[in-house]
Amino acid sequence: MSDMRSRIYLLVKQIPAGRVATYGQIARLVGPPCDAREVGSAMAALGPNTDVPWQRVINSQGGISTRGYRQRALLEAEGIEFNEKSLTNLKRFGWKGPEFAWLVENGFTPLAPPEEEEPPPPPEQLSLL
DNA sequence: GTGATGACGATAT
DNA sequence: TATATCGCCATCA
């Protein structure tokens, strides 16, 4: 098994039941040269008795990319809800991602380390044009 | 080695 | 808002 797919699977295993992550999100966590398509390809390569929760990986629209009813049924069984357009609300069910410490300990290099600093205060003057 | 492919995603129209 | 196009890149035949 390729190193990249191993890393993809390792990350997907971190997604807790009742939450979902997007292909692009996983790809960003793995880091370049991995991309969303590669994540999808990795999911497709999984066998039927895998311990990887592949059903928790969906597209950036919050929708299912697989054919048929299987994936949606599995997710609904975990409490994920779909709207009339068969999309989930990523704001509610989206996974935040693993802890920073987890990424470091597992050899990942997060592109966006936790920011403790406050964002720069907005300028006072609003109507100066 | 080379070319086709895909469970994607961002952008353009 | 919806459809079409293009970029992406490891795999696979």
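In what follows, every chain begins at residue 1, and chains take the letters A, B, ... in the order their sequences are listed. All heavy atoms count here, side chains included; hydrogens, waters and symmetry mates do not.
Heavy-atom contacts from other residues, nucleotides or ligands closer than 6.0 Å to CD of A:Glu76 number more than 12.
Among all heavy-atom pairs drawn from A:Leu90 and A:Ser60, the shortest one is CD1-O, 3.7 Å. Nearest heavy-atom pair, A:Phe108 versus A:Leu29, reported as atom, atom and distance to 0.1 Å: CD2-O, 3.6 Å. A:Ile26 and A:Ala21 get closest at one heavy-atom pair: CD1-CB, 4.1 Å.
Heavy-atom contacts of chain A under 4.0 Å fall on DNA chain C between two terminal nucleotides, which in 5' to 3' order are C:dG7 to C:dC12.
Note on A:Met4 and A:Tyr23: same hydrophobic cluster, where clusters join Ile, Leu, Val, Met, Phe, Trp and Tyr whose side-chain heavy atoms are under 4.5 Å apart, directly or indirectly.
A heavy-atom distance below 4.5 Å is not found between the side chains of A:Thr50 and A:Tyr9.
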Trace of the side-chain contact (heavy atoms from CB on, under 4.5 Å) decision for A:Met43 with A:Val12: CA-CA 10 Å; A:Met43 295 301 102; A:Val12 173; 3.8 Å; yes
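For A:Asn59, the side-chain hydrogen bond (donor to acceptor under 3.5 Å, both in side chains) partners are A:Ser65, not counting sequence neighbours. With sequence neighbours excluded, the residues satisfying side-chain hydrogen bond (donor to acceptor under 3.5 Å, both in side chains) with A:Asp51 are A:Lys13. Among residues two or more places apart in sequence or in another chain, the side-chain hydrogen bond (donor to acceptor under 3.5 Å, both in side chains) test is passed with A:Ser41 by A:Arg5. Scored by the salt bridge (Lys or Arg N to Asp or Glu O under 4.0 Å) test, A:Arg92 finds A:Glu81 as partners (sequence neighbours excluded). Applying the salt bridge (Lys or Arg N to Asp or Glu O under 4.0 Å) criterion to A:Arg19, with sequence neighbours excluded, gives no partner residue. The ring-ring contact (aromatic ring centres under 6.0 Å, His included) check on A:Phe93 picks up nothing, with sequence neighbours excluded. Residues satisfying the side-chain hydrogen bond (donor to acceptor under 3.5 Å, both in side chains) criterion with A:Gln25, sequence neighbours excluded, are absent altogether.
If you check residues 47-65 of chain A against DNA chain C, you find no residue with a heavy atom closer than 4.0 Å. At a non-hydrogen distance threshold of 4.0 Å, A:Ala36, A:Arg37, A:Gly40, A:Met43, A:Ala44 from residues 34-45 of chain A come into contact with DNA chain B. Applying a 4.0 Å cut-off to non-hydrogen atoms, the residues of residues 3-21 of chain A that approach DNA chain C are A:Met4, A:Arg5, listed by residue number. Shown for residues 74-88 of chain A: no residue has heavy atoms falling under 4.0 angstrom of DNA chain B.
Looking only at distances, a side-chain donor or acceptor of A:Gln71 sits under 3.5 Å from a matching main-chain atom of A:Val57.
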